[in-house]
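Accompanying notes for the structure given below.
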Amino acid sequence: MKLLAGVMCAVVLGSWGCKKKQPDASDLYNDAAKVDSSLPYPVMKWHALTTAVDRGAGTTSTLFGNDAAVTASRAGQAYPAGAVLGLVTWRQKDDPHWFGGRIPDAPASVEFVAYGQAPVYRYFAGSPLAEQADSGGVARIAAIEGMKVVRLP
């Protein structure tokens, strides 16, 4: 009798763990981190060149480049006319699925450097992202160009 009760208890307890939770869309997609599609360039369709995390500021940044920028960076050459770099900076938030993990939250800013006769710097910030007045364009161009590009095979 004790054996039968033990088996029944094990079956009941074991069946509780078998229910499969269907994931919500919020479990699969981080909608808060979406970058506005009304920006002048489709930065999120480009290739990522490098990523940086600023723990003090609580931000994550990724440098993207269009095809011309990626080709030049892989060849170790200067960016040619037509190349465009985009630096997207997100605020961070706690990852609800991984204790201690940090993931991107809403975008804090997007910076573009477009190459032609001379590099042109554009800065977007706020919610929703809106173009802001020049905030140190020459220094920001140098900082963006100075980011070390990750070379992957």
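All heavy atoms count here, side chains included; hydrogens, waters and symmetry mates do not.
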On a heavy-atom basis, the closest approach of Thr50 and Lys148 is OG1-O, 3.1 Å
Between the NE2 atom in His47 and the OG atom in Ser73, the distance rounded to the nearest 0.5 Å is 10.0 Å
Gly65 and Val70 have their tightest heavy-atom pair at O-CG2, 3.5 Å
For residues Leu85 and Leu49, determine if any side-chain heavy atom of one lies less than 4.5 Å from a side-chain heavy atom of the other. yes
Interatomic distance, CG@Leu63 vs CH2@Trp46, rounded to 0.5 Å, equals 10.0 Å
message = If you apply the rule salt bridge (charged side-chain N to carboxylate O under 4.0 Å, His left out), what do you find for Arg102 with Asp94, and how did you get there?
response = CA-CA 5 Å; Arg102 305 283 290 158; Asp94 290 332; 2.6 Å; yes
If you define the side chain from C-beta out and look only at heavy atoms, does anything of Ser109 sit under 4.5 Å from Leu87? no
Side-chain heavy-atom pair Tyr41, Phe64 within 4.5 angstrom cut-off | no
Is the backbone N or O of Ala130 less than 3.5 Å from a side-chain atom of Gln132, with the two atoms forming a donor-acceptor pair by type?
yes
One should read off an interatomic distance between Thr60 OG1 and Arg55 CZ, to the nearest 0.5 angstrom, of 10.0 Å
CE (Met147) and OG (Ser61) are apart, to the nearest 0.5 Å, by 6.0 Å
Examine Leu129 and Tyr123 and state if one hydrophobic cluster contains both, with Ile, Leu, Val, Met, Phe, Trp and Tyr joined whenever side-chain heavy atoms are less than 4.5 Å apart.
no
Are Phe124 and Pro107 side-chain neighbours, meaning at least one heavy-atom pair lies under 4.5 Å? no
Check your understanding: Under a 4.5 Å cut-off applied to non-hydrogen side-chain atoms, are Tyr121 and Val138 in contact?
Key -> no
* Asked: Can you tell if the side chain of Gln92 reaches within under 4.5 Å of the side chain of Val53, non-hydrogen atoms only?
  -> yes
Nearest heavy-atom approach of Ala72 to Pro80 is CB-CD, 3.6 Å
Any heavy-atom pair between the side chains of Val43 and Phe112 that's under 4.5 Å? yes
Exercise. Is Asp54 atom CG crowded by more than 12 heavy atoms from other residues, nucleotides or ligands, each under 6.0 Å away?
Worked result: yes
All heavy atoms of Lys93 vs all of Ala32, minimum pair found to be NZ-CB, 4.1 Å
Please say yes or no: joined through hydrophobic side-chain contacts below 4.5 Å, possibly via intermediate residues, are Tyr115 and Ile144 part of one cluster? yes
Criterion side-chain contact (heavy atoms from CB on, under 4.5 Å) on Tyr79 and Val113, from CA distance to verdict:
CA-CA 10 Å; Tyr79 295 110; Val113 179; over 6 Å; no
Here the gap from Asn66 atom CG to Lys45 atom NZ, rounded to the nearest 0.5 Å, amounts to 14.0 Å
What one should report as the nearest heavy-atom pair of Asn30 and Pro104 is ND2-O, 2.7 Å
